[in-house]
Amino acid sequence: MALPPRVVERLRQVVGPRAVTDPEVVASYTTDWTGRFVGHSPLMVRPRTTDEVAGIVTACRELELALVPQGGNTGLVGGGVPLRGEVVLSLTGLKDLEAVDDRAGQVTAGAGVALADLQQSASAAGWSYGVDIASRDSATVGGMIATNAGGLRVLRYGDTRAQVMGLEAVLGTGAVLSHLGGLVKDNTGYHWPGLVCGSEGTLAVVTAARLRLVPPMPYRTVALVAFAAVDSALDAAGLLRRALPSLEACELVLAPGVDLVCSATGMHPPFPVRHPVFLLIEVADRTDPTGSTAEAVETIGGVLDVAVATEPARRADLWRYREAHTEAINTLGAPHKLDVTLPLGALAEFVDTVPATVAAAVPTARTWLFGHVGDGNIHVNVTGLSPDDYRVDDVVLRLAAGLGGSISAEHGIGTAKKRWLSLSRSPTELAAFRSLKHALDPDNVLNPNVLLDSAGG
Ligand code: 2HG
Ligand code: ZN
């Protein structure tokens with residue numbers, strides 16, 4: 001529904017023509033990347049400064065309009081698109097990226113800086129940024145903080161929460177909270193990054209962050225190691241973590257997913273023989289880790305085949321068997337994505353059980369499994385379901401929680417999983433969540449339909 005002209009005028013007082021009502025432009029902000037979450041909105045605003053963000057939040061509070069903050073729109077749980085007609089607050093205009101502070105090994109970046117640009121600027125200054133995800137070209141600093149993005153290197157450097165040394169954000173009241181000093185030790189009360197990372201735009205709109213950088217590791221070796229069973233691959237992952245302190249990534253893929261990647265991308269299979277289970281590992285160091293990687297792999301039992309790459313192009317080829325899963329699965333229609341974490345002791349049981357659990361719930365559904373097994377995170381993708389058929393989500397999330405896991409490892413709760421949040425959080429925790437939400441966003445302006453039920457559930 002269109003907004004009254006005086007409302008649009010009020011928002012244009014803050015951002016001028018960057019309050020956009022043209023339906024064609026707005027439409028490109030209302031559907032998520034997978035195509036599963038299709039929303040609608042009367043307006044998209046694109047501020048360029050923190051003051052403009054504060055002005056928009058204040059105006060929306062006065063006008064009783066709900067906002068959905070959005071970064072690169074690469075979220076996967078329906079948390080960044082306006083499913084109930086909210087105004088879209090695009091943060092992609094906040095593109096300031098300061099020079100790297102060499103002494104501190106830190107950088108201050110605006111919420112709209114793309115991960116790939118952050119990585120490039122860190123590397124030009126002789127540093128590296130610890131978090132990497134497949135959607136690096138579009139994903140933004142603000143979105144990664146809001147969802148506490150994890151990705152491929154959590155094993156070594158931790159998730160986004162572990163990188164954020166300071167934060168600037170606009171609360172639901174319109175007040176600007178700024179604590180960007182980047183002190184490594186700072187025990188002066190509540191920790192804003194800890195609170196805001198993973199809050200999915202419900203407590204504050206991130207406008208800038210002070211991020212820690214890590215030393216670059218110029219020598220890299222990637223190996224694709226084949227096994228007969230998930231159990232042996234997980235035993236190997238444990239051994240490799242101990243044997244290789246410079247292990248940076250440890251990913252699991254299975255034969256059906258690799259077959260699908262090959263047919264969707266035209267790539268050749270990795271080995272002449274079709275193996276059932278693979279670990280993709282990357283080891284990165286100050287000196288060439290190829291020898292130590294080969295030695296460590298030799299000590300593992302149950303290895304059926306190994307492909308090793310050190311050249312960048314060949315390394316990228318091996319990574320593609322893993323990273324192209326998301327786009328390959330999307331060729332079958334918008335999947336349901338369940339990014340669960342399991343205790344490592346229960347992961348093999350989960351992987352072995354989940355396809356039958358899905359099939360029992362919806363016999364025509366198809367399960368795809370892959371993920372960051374070094375940290376216990378497995379991505380369950382299910383195709384052959386309509387977007388609002390939640391039978392499979394229900395059984396898979398219950399299975400994960402029943403085995404001691406979490407219903408979200410890194411994508412967040414969004415709108416897709418909020419009805420299952422109580423599987424992972426106690427009533428006391430949820431009550432504390434609601435109190436925090438009320439304190440920082442008393443009029444429920446910021447992403448009111450995400451994470452917690454607006455009714456308070
Ligand atoms: C990844 O690990 C992303 O590549 C996306 O978290 C996972 O497509 C998915 O389910
Ligand atoms: Zn992932």
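All ligand and atom numbering here is 1-based and tracks the order in the structure.
- Residues Asp394 and Arg419 are not paired through a salt bridge, judged by the lack of any N-O separation under 4.0 Å between the basic side chain and the carboxylate.
- For residues 67-81, the set of pairs meeting the salt bridge (Lys or Arg N to Asp or Glu O under 4.0 Å) definition, not counting sequence neighbours, is empty.
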Return all side-chain donor-acceptor pairs below 3.5 angstrom for residues 352-365, not counting sequence neighbours, or 'none' if the list is empty.
{"unit_1": "Thr353", "atom_1": "OG1", "unit_2": "Glu349", "atom_2": "O", "d": "2.4"}
{"unit_1": "Thr357", "atom_1": "OG1", "unit_2": "Thr353", "atom_2": "O", "d": "3.0"}

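- Thr341 and Ser406 share no side-chain donor-acceptor pair at under 3.5 Å.
- Under 2.8 Å from the Zn ion (ligand 2) lies no N/O/S atom of Asp339, from backbone or side chain alike.
- A side-chain donor-acceptor contact under 3.5 Å links Gln119 and Asp132.
- Atom OE2 is the N, O or S atom of Glu410 at the shortest distance from the Zn ion (ligand 2).
- With a cut-off of 2.8 Å, the Zn ion (ligand 2) has an N, O or S atom of His379 in range.
- With sequence neighbours excluded, the residues forming a side-chain contact (heavy atoms from CB on, under 4.5 Å) with His179 are Asp186, Trp192, listed by chain and number.
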Check ligand 1 for close polar pairs with the protein: N or O on both sides, less than 3.5 Å.
{"unit_1": "ligand 1", "atom_1": "2 (O)", "unit_2": "Arg322", "atom_2": "NH2", "d": "2.6"}
{"unit_1": "ligand 1", "atom_1": "2 (O)", "unit_2": "His372", "atom_2": "NE2", "d": "3.0"}
{"unit_1": "ligand 1", "atom_1": "2 (O)", "unit_2": "His379", "atom_2": "NE2", "d": "3.1"}
{"unit_1": "ligand 1", "atom_1": "4 (O)", "unit_2": "Arg322", "atom_2": "NH1", "d": "3.3"}
{"unit_1": "ligand 1", "atom_1": "4 (O)", "unit_2": "Arg322", "atom_2": "NH2", "d": "3.3"}
{"unit_1": "ligand 1", "atom_1": "6 (O)", "unit_2": "His379", "atom_2": "NE2", "d": "3.2"}
{"unit_1": "ligand 1", "atom_1": "6 (O)", "unit_2": "Glu410", "atom_2": "OE2", "d": "3.0"}
{"unit_1": "ligand 1", "atom_1": "6 (O)", "unit_2": "His411", "atom_2": "NE2", "d": "2.8"}
{"unit_1": "ligand 1", "atom_1": "8 (O)", "unit_2": "Thr326", "atom_2": "OG1", "d": "2.7"}
{"unit_1": "ligand 1", "atom_1": "8 (O)", "unit_2": "Lys337", "atom_2": "NZ", "d": "2.6"}
{"unit_1": "ligand 1", "atom_1": "10 (O)", "unit_2": "Lys337", "atom_2": "NZ", "d": "3.3"}
{"unit_1": "ligand 1", "atom_1": "10 (O)", "unit_2": "Asn381", "atom_2": "ND2", "d": "2.9"}

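- Between Asp117 and Lys95 no salt bridge is recorded (no basic side-chain N to carboxylate O distance below 4.0 Å).
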